[in-house]
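Below is one structure, written out as structure tokens; the observations come after it.
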Amino acid sequence: MAFAKKSEASRAHDNGHLYHDYVNPQWVKLLDVLEMNVTYTRCEGASLLTSDGRTVWDFLSGYCVHNIGHNHPRVIAALKGELNACGPAMLQSHVSDLAGEMAARLCALAGGRLAKVFFCSSGSEGVEAVIKFARAHTRRAGLLYAAGGFHGLTCGAMSLMSAPFWTQGFGPFIPGTEAVPFDSAEELEKKLATKKYAAFITEPVQSESGVIVPSPGYLRDAQALCRRYGTLFVLDEVQTGMYRSGPFLAAHHYGVEPDMVVMAKALSGGLIPSGAVLMSEAVCDSIYSSLRRAIIHTSTYSENSLAMRAGLATLDVLQDEGLGERARIMGVALRQQLAQRLAGYEMVAEVRGLGMLSGVAFRAPKTLRLRVLFEAFSRIHPAMFGQVLVRRLYKKGLLTQICGNNFMVLKVAPPLMVEDGVVEKFITDLVEVVDLMHAKASYWTEALGIARRALSAI
Ligand SMILES: Cc1ncc(COP(=O)(O)O)c(C=O)c1O
């Protein structure tokens with residue numbers, strides 16, 4: 001019988017029973033517990049239509065994938081055009097004009113030292129390339145990274161991450177990596193002065209760490225120190241790039257010129273995997289240094305024509321629709337409104353961010369009545385508070401998430417084209433939920449119900 005493996009447990013699931021049985025049952029269970037296991041039938045712009053006729057507004061963007069909105073017609077047309085043309089795909093024996101065009105566009109937009117591109121298919125793969133390139137270029141083994149950051153879940157990328165939630169049980173990781181506190185040039189210099197390090201790798205704004213925006217001079221100081229001690233200065237712009245923070249790269253906001261930049265996620269418009277490492281001429285020359293080394297670092301899918309076509313169309317959309325400027329202006333307005341309307345709620349610590357990457361940071365309440373409740377279910381799981389908030393917002397038709405390395409921060413990252421009215425709805429609904437969590441016992445009793453369901457599902 002087809003699909004004979006279908007289990008009793010999975011029969012209860014209309015949504016994703018094959019996924020449950022053959023891919024990852026825990027993911028299905030988690031979405032079930034949160035009552036977020038929904039079938040989406042059509043996704044356009046910032047809206048996600050569900051099979052039961054509801055509209056959910058996307059304020060997560062697949063963790064900053066959907067900068068131009070879901071299923072942009074120009075990206076779809078570019079992909080269809082490429083498929084219809086029956087051009088060369090995965091030949092591994094030709095020079096890709098499309099990759100050349102895409103690289104030229106990226107370098108022109110990035111500027112500074114960034115003059116060459118290595119293409120790959122994900123952010124993690126880009127980080128892996130950075131590790132190799134930095135070591136080969138400097139002939140040093142050490143790698144410094146900013147504590148709390150997120151760089152991906154392959155072994156090399158995880159070697160640059162300090163959060164045990166992700167790394168526990170998967171070690172040992174690559175040797176020679178060390179963390180320094182984010183936003184401390186002083187601590188960075190202490191390490192760099194040993195001249196052991198090939199690269200210092202950081203996100204310009206730490207996304208999963210809680211949308212941590214550094215002090216204005218930090219990245220410039222970090223860059224100067226890296227140059228002084230012969231260490232490559234590398235920015236992971238997997239989330240912040242492609243105009244998410246306002247300019248094309250967050251590096252531009254801080255006036256720095258990194259030696260390498262990793263990009264992915266929004267790079268190809270959200271329909272096909274793509275990643276890129278932008279690097280200086282000098283780094284590229286030292287990797288691809290001779291005919292013998294012409295293919296010393298490659299990847300099968302890296303320059304595939306669908307990703308390149310989608311990437312070119314995505315850049316066109318971002319520029320033609322002025323989405324960077326929109327992100328800059330809207331982001332400031334959003335944070336101002338949120339800060340104003342959430343002021344005075346004791347559990348709201350801060351609203352922060354850059355461009356259309358914002359975080360609402362929560363904290364434990366001081367009022368005894370709330371504190372008892374808060375602690376009761378924080379003890380169940382540290383992410384429980386955030387997940388209840390996410391679920392509440394979801395019930396109001398808003399898809400959000402808490403940060404992967406900081407469960408007390410709600411991330412706010414809609415597509416950059418999101419309509420003003422939808423942003424207003426988000427603000428109104430979030431304020432309502434925050435008000436409820438401060439005022440009504442029912443918020444907490446419902447939350448405890450979810451926590452119990454979660455526990456019984458484990
Ligand atoms: C800042 C950052 N770097 C790297 C990665 C890894 O990207 P990928 O999931 O495409 O491997 C992520 C993924 O979320 C990320 O947020």
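Throughout, residue positions are numbered sequentially from 1 according to the sequence presented. First listed ligand is number 1; within each ligand, the first listed atom is number 1.
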query = Does the separation of the ring centres of Tyr218 and Phe182 fall below 6.0 angstrom?
reply =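 Close enough - the centres of the two rings lie under 6.0 Å apart.
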Check each N or O atom of ligand 1 against all protein N or O atoms and list the pairs under 3.5 Å, with atom names and distances to 0.1 Å, one per line.
from: ligand 1; atom 1: 3 (N); to: Phe150; atom 2: O; distance (Å): 3.4
from: ligand 1; atom 1: 3 (N); to: Asp236; atom 2: OD1; distance (Å): 3.2
from: ligand 1; atom 1: 3 (N); to: Asp236; atom 2: OD2; distance (Å): 2.6
from: ligand 1; atom 1: 10 (O); to: Gly123; atom 2: N; distance (Å): 2.8
from: ligand 1; atom 1: 11 (O); to: Gly123; atom 2: N; distance (Å): 3.4
from: ligand 1; atom 1: 11 (O); to: Ser124; atom 2: N; distance (Å): 2.8
from: ligand 1; atom 1: 11 (O); to: Ser124; atom 2: OG; distance (Å): 2.4
from: ligand 1; atom 1: 14 (O); to: Lys265; atom 2: NZ; distance (Å): 2.9
from: ligand 1; atom 1: 16 (O); to: Gln239; atom 2: NE2; distance (Å): 2.8

query = Is Glu237 paired with Arg244 through a side-chain N to carboxylate O contact shorter than 4.0 Å?
reply = no
query = Should the pair Glu321-Arg326 be classified as a salt bridge under the 4.0 Å nitrogen-to-oxygen rule?
reply = no
message = In the structure I gave you, are the side-chain heavy atoms of Val412 and Arg335 within less than 4.5 Å of one another anywhere?
response =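 No; the side chains remain at least 4.5 Å from each other.
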ask   = Quick one: which of Thr167, Thr177, Val127 gives a side chain to side chain contact (heavy atoms under 4.5 Å, CB included) with Met158?
value = Thr167
Can you give each donor-acceptor pair under 3.5 Å made by side-chain atoms of residues 265-276, sequence neighbours left out, with the distance rounded to 0.1 Å?
from: Ser268; atom 1: OG; to: Ile272; atom 2: O; distance (Å): 2.4

